[in-house]
Amino acid sequence: MTQDKIFGRLNPEQEKAVRCIEGPVLVFAGAGTGKTRVITHRIAHMIDRGVNPGCIAAMTFTNKAANEMRERLFSLVRPGDAKRVFLGTFHSYCARLLRKEIGLLGWTADFTIADESDQLSILKQAIAELGFKDEIQPNGCLRVISSCKSQMKEPADLRSEAQYQDMRNIADVFEKYNSLLFLQNMLDFDDLLLLAVRIFEKSPDVLQSCRSRHTHLLVDEYQDTNFLQFRLIRMLAGDSMNLCVVGDDDQSIYGWRGAEVRNILDFPQFFKGTRSFKLEQNYRSTKVILDAANAVIARNDDRHAKNLWSECGEGERIVETGADDEYAEASYVAETIESLKATSSRLSFDDIAILYRSNYQSRTLEESLREMQIPYRIVGARSFYERREVRDAIAYLRLIVNPRDDQSFSRIVASPPRGLGGKALDILRVEKSRGGKSFSEAISDPAIAAEFGQKGAKSALEMGKVLSKWRGEFASGGNLACKSENFLKEIGYLDGLLHMYKDREEALKRQENVFELVNAMAAFEKNPGVETPTLSAFLEKYALYDDNDKVDEDAEKRPSVTLMTVHAAKGLEFEVVFIVGMENGIFPHERSLEERGLDEERRLFYVAITRAKSRLFISHVSFRMKHGQASLQKPSCFLGDIPENLVERRDYSRRAPFRMRGRGEARFSSGPRRFKRADSYVPFDD
DNA sequence: TACTGATCTATTTTT
DNA sequence: TAGATCAGTA
C-alpha cells in the first residue's frame with residue numbers, strides 16, 4: 001500500500017483529519033464533502049502505521065453505510081486486513097457482544113430480537129393484562145418506552161417523575177412489557193444497546209476486554225447518536241480516547257428518535273484535547289444548488305457555522321413548479337423525466353430520484369411512472385420481508401431457535417388452520433401462569449393438549465413433535481436452506497398456504513415468496529460473514545436489516561428511477577432530484593412541527609436539496625386529498641428561504657384546459673396523459 | 001374455529 | 001381514503 005494511494009486524492013483538510021490517528025478527533029463534514037473517504041482512508045492510514053486491523057472498529061447507523069465502507073476499504077488495503085476491521089452498526093456490535101455475555105443479565109445466548117410488530121403485540125398484551133385497554137394507546141406508549149430506554153430510564157424512574165396518573169400507568173405497562181420480553185427470552189432494538197451498556201457497568205472485566213479488543217474507534221453520522229450510543233462510545237473509548245467521530249449537525253434529522261445534536265456540538269467538552277477539522281469543499285453539487293442549501297440552513301440557530309463551496313460550476317437554476325393537485329404533480333414529474341431523458345442521452349434512470357416527506361406520497365407517483373412506462377424502484381415501504389407469508393415462515397424458524405418465543409407461536413398457531421386458535425392460546429396462557437411452560441413447550445404435554453378438543457390435541461402433539469425433531473436437526477448448523485424448506489413442509493406450512501388462499505394463483509405466489517426466503521438463506525450460507533452459518537445467525541441478520549439495506553440485494557438490474565423519503569436519501573446522491581409535495585403541513589410536516597419545531601424540518605429540507613448533483617426540481621400543489629378530504633395547500637414556507645435569483649418558476653396548471661373540457665372527455669380523449677384523473681379533480685371556482 | 005361485514009382511526013421519519 | 005381491528009354469525 002503506497003502513501004500515494006492513501007493521500008493522493010485528499011484535499012488538505014481531509015488529509016489533516018486522516019493523519020491524526022491518536023486521541024479524540026472531531027470531523028465536521030458537510031454534505032458531499034467526502035466523509036466516507038475520510039473514514040476509510042483514515043483506517044487505511046492507521047493500518048499503514050502499524051495499527052492492528054483487528055483493533056479498529058467503525059460504527060455506522062445502517063448496514064448500507066457499513067457495506068459501502070467495507071467495499072471502499074477493500075480497494076485501499078489488503079483484503080486480509082480489511083476483513084479484520086470491525087465495520088458494522090451499533091446494533092450489530094451490541095448483538096455480537098450480547099450473544100457472548102448476556103448470561104450476566106439472565107437472558108440466554110439464543111435470545112431473539114423483537115421487531116416492531118412483536119413489540120406492538122407484546123405491548124398490547126401488557127396493556128390488556130393491566131386493564132388499561134381504554135386508556136393507553138399502544139403506539140404512543142411504545143414511543144414513550146423507547147425514549148425511556150434510550151435515556152436509560154427504568155420504569156421506576158418514569159413512575160417517580162410522572163406528573164399524571166396516565167404516565168404512572170404507562171410506567172406499569174413498561175414494567176410489564178419488559179417482563180414479557182424477558183420471559184420469552186427476547187430483546188427489542190433499544191435493549192440491544194441498553195443491555196450492552198448495563199453489562200459494561202456490571203462487569204469491568206468485560207468492558208476491559210472490549211477496550212483492549214478495539215483500541216481505535218470511529219463513528220459515522222455522529223450527529224445521530226442518542227444518549228445510549230454516546231454512553232457506549234464513551235465507555236469503549238476509555239482513557240485512551242482513541243476516538244474519531246464524523247458528522248454534520250446540519251444533517252441531524254433523527255431527533256424524534258432520540259438523537260442528540262448536542263453530542264456532536266459538545267464533543268470537545270466531553271473529550272478533552274479534541275482536535276477538530278471542518279470539511280467544506282463539496283464535490284457533489286453545482287454552485288446554484290449549494291447556494292440554495294446554504295441559504296436555507298443559515299436560518300437555523302445553534303449550529304456549527306460552515307459554508308459549503310464547490311468547483312463543480314455554476315449549474316442551472318432550480319426549477320420550482322406549482323401544480324393543481326397531486327395527480328397533476330405526478331404527471332409533471334413523469335413528463336419532466338421523459339423530456340430530460342430525451343434531451344440528454346447520457347442520463348440514466350439510475351441518476352434520477354424523487355424524494356418526498358412521507359411514504360404514502362409515493363402512490364400517485366407510482367401510478368404516473370407506470371403509465372409512462374418509466375422503470376422505478378421504491379426504497380423502504382412494504383418490502384419483501386414484511387409480507388405475511390415471509391413473516392410467518394420467519395416465525396416458524398424463530399420457534400426453532402427460541403422455544404420460549406410465544407410471540408412467534410401465537411403468530412403461526414392458526415396459519416394454517418389446524419384446529420388451534422384463540423381459545424387454545426387462552427389455555428396456554430393460563431397454563432403458563434401456572435406452570436411456567438412456554439407455549440411451544442406446553443403443546444407437547446398430553447395433559448395440556450387434551451384441553452384443546454380432539455382435532456386441536458392431535459395437531460398440537462404433532463406440531464410439538466415436528467418442532468423438537470427439527471430443533472435437533474438445526475442444532476448442528478449448516479445446510480440451512482434445505483433444512484428450512486423441509487421443516488416448513490413437514491410442519492404443514494407450505495401446503496397449508498394452498499388451503500389458506502382460495503385463489504390458487506395467489507397461493508402459489510405466496511409459496512414462491514417463501515422459497516425466495518429459502519434462497520436468501522442459501523445466499524447467506526455462501527457468505528455468512530463471520531461465524532458458521534447457524535439459523536440463529538441468519539435470523540439475527542434478518543432482524544437487524546432494514547428495508548433500505550435490503551433494496552440493493554433484490555433491486556432489479558435495469559436502470560430505474562429511485563423513489564424514497566428524504567430520510568432514506570441521506571448519504572446518497574443523484575444527478576437529478578425531484579422534491580415533491582413542498583407544501584406547508586406536508587413539508588414541514590405539521591405533526592413534527594408540534595413535536596420538534598421548525599429547525600429539524602429545515603435540516604431535512606437541507607438534506608433533500610444537497611442530494612442533487614446538477615439539477616433540482618421542487619414542486620407543490622394547490623389541492624390535495626388529505627384523510628379523504630380535499631384540502632387547500634400553500635407552498636412551503638421554506639421555499640421563501642431560497643434566493644430568487646437561483647430559482648426559475650414554471651407553471652403546470654391545467655385549470656384553463658380543464659374548464660374547457662368535459663369530465664369524461666378529459667379522461668378518455670386522446671389529449672395529453674396528464675389529464676388522467678381529471679374526473680377526480682375538484683374545480684377551483686373563483 | 002373461521003369468515004364476513006361493520007366500525008374505527010390514523011395517516012412521519014426507522015435501527 | 002384505506003387499512004386494521006372487532007364483533008357477531010355460520
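Excluded from the calculations below are hydrogen atoms, water molecules and symmetry mates; all remaining heavy atoms, backbone and side chain alike, are included.
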Of the candidates C/dT1, B/dT13, B/dT14, the side chain of A/S358 sits closest to B/dT13
Donor-acceptor pair between A/S121 and A/Q407 side chains, under 3.5 angstrom: yes
Interatomic distance where CD belongs to A/Q229 and C1' belongs to B/dT14 [whole Å]: 12 Å
When you compare the protein's N or O atoms with those of nucleotides 6-11 of chain B, which come within less than 3.5 Å of each other, and at what distance?
residue: B/dA10; atom: OP1; partner: A/Q137; partner atom: NE2; Å: 3.4
residue: B/dT11; atom: O5'; partner: A/R591; partner atom: NH1; Å: 3.4
residue: B/dT11; atom: O4; partner: A/H627; partner atom: ND1; Å: 3.3

Between A/D190 and A/S150, is any side-chain donor less than 3.5 angstrom from a side-chain acceptor? no
Quick one: A/R603 CZ to B/dT13 C1', roughly how many Å, whole number? 13 Å
Does the side-chain ring of A/W256 sit on the six-membered ring of the B/dT13 base, less than 5.5 Å centre to centre and under 30° in tilt? yes
B/dT14 phosphate, OP1 or OP2, under 4.0 Å from A/S146 side-chain N/O: no
Between P on C/dT5 and CG on A/L123, what's the gap in Å once rounded to a whole number? 13 Å
A/D405 and A/N185: side-chain donor and acceptor closer than 3.5 Å? no
Between A/S92 and A/T89, do the side chains contain an N or O donor and an N or O acceptor separated by less than 3.5 Å? yes
Does a sphere of radius 6.0 Å around CZ in A/R370 hold more than 12 heavy atoms from other residues, nucleotides or ligands, not counting ones at 6.0 Å or beyond? yes
Measure from CZ on A/R418 to P on B/dA2 and round the result to the nearest Å. 10 Å
Hey, does the side chain of A/N359 come within less than 4.0 Å of B/dT12's phosphate (OP1/OP2), counting only N and O? no
Can you measure A/Y606 atom OH to B/dT13 atom P for me and round it to whole angstrom units? 23 Å
Quick check on DNA chain B: between A/R357 and A/D190, whose nearest nucleotide comes earlier from the 5' end? A/R357
A/R363 CZ to C/dA2 P, in whole Å, measures 6 Å
Over all strands shown, is A/K124 touching base, sugar-phosphate only, or nothing at heavy-atom distances under 4.0 angstrom? sugar-phosphate
Ring centre gap for A/H567 and A/Y254 strictly below 6.0 Å: yes
Quote, to the nearest angstrom, the P distance that separates B/dT11 from C/dC6. 16 Å
Any side-chain donor near an acceptor of the partner, A/E366 and A/Y376, under 3.5 Å: yes
What integer distance in Å separates A/E583:CD from B/dT12:C1'? 15 Å
For A/K64 and B/dT14, what is the distance between atoms NZ and P respectively, to the nearest whole Å? 12 Å
